[in-house]
2 protein chains.
Amino acid sequence: MKTRDKILLTSLDLFNERGERNTTTNHIAAHLGISPGNLYYHFRNKSDIIYEIFQEYEKLVDYYLEIPQDRPLGLDDMMFYLESVFDGLWSYRFLHRDLEFLLGNDARLREDYRQFTGRCLASIKQIFSGLTDGGLFEAQADELKDAMSLNVWLVITNWMAFLKTAHAGDSTDSITKDQLKQGIFQVLTLEMPYLRDAYREEVMSIRERYRPELIGTGDEDSVLSGFSRMR
Amino acid sequence: MKTRDKILLTSLDLFNERGERNTTTNHIAAHLGISPGNLYYHFRNKSDIIYEIFQEYEKLVDYYLEIPQDRPLGLDDMMFYLESVFDGLWSYRFLHRDLEFLLGNDARLREDYRQFTGRCLASIKQIFSGLTDGGLFEAQADELKDAMSLNVWLVITNWMAFLKTAHAGDSTDSITKDQLKQGIFQVLTLEMPYLRDAYREEVMSIRERYRPELIGTGDEDSVLSGFSRMR
DNA sequence: CTATTATTAGAGTATATACTCTAGGGAGTC
DNA sequence: GACTCCCTAGAGTATATACTCTAATAATAG
């Protein structure tokens, strides 16, 4: 594998594990067993590494959110969208974690991310429409779809930050992919009231599969105690 | 005013304006017209300043979320809670912006914030219950209240991050308090399906008062275009 | 007034970290 | 061998920033 690609992969790994802010370029180079000079031969600066990783993420999510035009959407589609989006979120979780700072330091990234958000919101709304056509949801006013889509976006993008908050442990990255996916439970909660009766029961039982377990030390001290009890 | 208090106030201002990560202790001292030595006479380190500010925030929000035990809650109460919480969010907005890093660097803060989150979630749930008793909402299963409360929390705490994202401008703090309060629109959207019919119309008209305007340059390039059109 | 304590100034330091610079190795081509 | 091009090493630098140290000054108490 080319050094350039190795740098990207290792950077992503380290960013995800320790956060971008705690990952230096020297650290990346050391972890790869290459010299700082070598790293800077392949990338002008740290921002360029981050930006390139972001573009990968963008492509991935755009791909995940593609919408078939030839048919309405069904429950399977919805779950596939959710699983995919949370997968992407997991693979590039450092982005949402350090977003504020990253956007503040790179105008390109800021503008790209803004447009990316716009595309995601539009896709979510289209998915809603598709699912409504497919009979999953009751028909809703257009403005409500907007507001709902935005809420879905807020829940999805903030779920990991919440997990880290709720987690008692030290600062090491101890969130698991499974825990992340429990965000799907929250999204389904959001959508529940709009389900057609015919689907309600089925969705509810799918939702149960994602119900968050107790988080943290596993005892009564957890933030989620009394919120999401284990079955 | 005591130097110590001036340091806290100025720090809060600078943190809110430029972010904690971009505000150095030397900068704080310079802004106050005092020496770094003086600042460090009053605070052992930067973390201590942040921690003390956080404790103020904690107290404020805990106070806002107090729940009257002698009566059920009404629509006025709900709006008061929302307005208050978003006020607090505004005054200490740097906290939620740089939370990841702050928690990662201070174990005290991490643990306190975890418990704070727990208290907030419990309060939100109690408010729901109070409002249900007051006839505003249909009765709901307990686990649903948990999940709903969590979603409300996610939307509230993530709203500002979203605003900054959606905002096209440069990295300076250009979000206004009014824009922040438009998060109330999103929270009310979340609650709508659970309203009793008797209150639906009234809440909907209150909700309209918070409807987000187009954000950003004010033209068709906005992230929110096609989502939240102006009336 | 004097002794003590609280506060302040301001130069200075230790450390971290993004990034640079020079020298050179290796592989292909003539 | 010599030339070229891509890649790499690694010491080094410029800068930022949290924090320290000493000495001086104000405030207070006896």
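Just so it is clear, the values below take in all heavy atoms, side chains as well, and ignore hydrogens, waters and symmetry mates. Sequence lines set the chain letters: A, B, ... in the order given, protein chains first and strands last, and positions in each chain run from 1.
- The phosphate of C/dA9 has OP1 or OP2 within less than 4.0 Å of a side-chain N or O from B/Ser35.
- Judged purely by atom type and a 3.5 angstrom limit, A/Asp48 has no side-chain atom pairing as donor or acceptor with the backbone of A/Phe43.
- Within the 4.0 Å cut-off from OP1 or OP2 of C/dA6, not a single side-chain nitrogen or oxygen of B/His42 is found.
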* Using a cut-off of 4.0 Å between protein heavy atoms and nucleotide atoms, how would you tag nucleotides 16-21 of chain C 5' to 3' with B, S and -? -> -SBBBB

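- Using cut-offs of 30° and 60° for the angle between ring planes, the A/His31 and A/His27 rings count as parallel.
- No salt bridge links B/Glu56 with B/Lys59; every basic N to acidic carboxylate O contact stays at or beyond 4.0 Å.
- Between the B/Asn22 side chain and the B/Arg18 main chain, a donor and an acceptor come within less than 3.5 Å of each other.
- B/Leu39 comes within 4.0 angstrom of no nucleic acid atom, judged by non-hydrogen atoms across all strands.
- Looking at residues two or more places apart in sequence or on another chain, you find no salt bridge (Lys or Arg N to Asp or Glu O under 4.0 Å) involving A/Lys6.
- Of all nucleotides listed (D/dA9, C/dA6, C/dA9), C/dA6 comes nearest to the side chain of B/Tyr41.
- When rounded to the nearest whole Å, the span between CG of B/Leu32 and P of C/dT7 equals 16 Å.
- Between A/Lys2 atom NZ and D/dC6 atom P the separation is 11 Å, expressed in whole Å.
- Using a 4.0 Å cut-off between charged nitrogen and carboxylate oxygen, A/Glu100 and B/Arg21 do not count as a salt-bridge pair.
- The CD1 atom of B/Ile7 sits 13 Å away from the C1' atom of C/dA9 (whole-angstrom rounding).
- In this entry the distance linking CZ of B/Arg4 with P of C/dT8 reads 12 Å, nearest Å.
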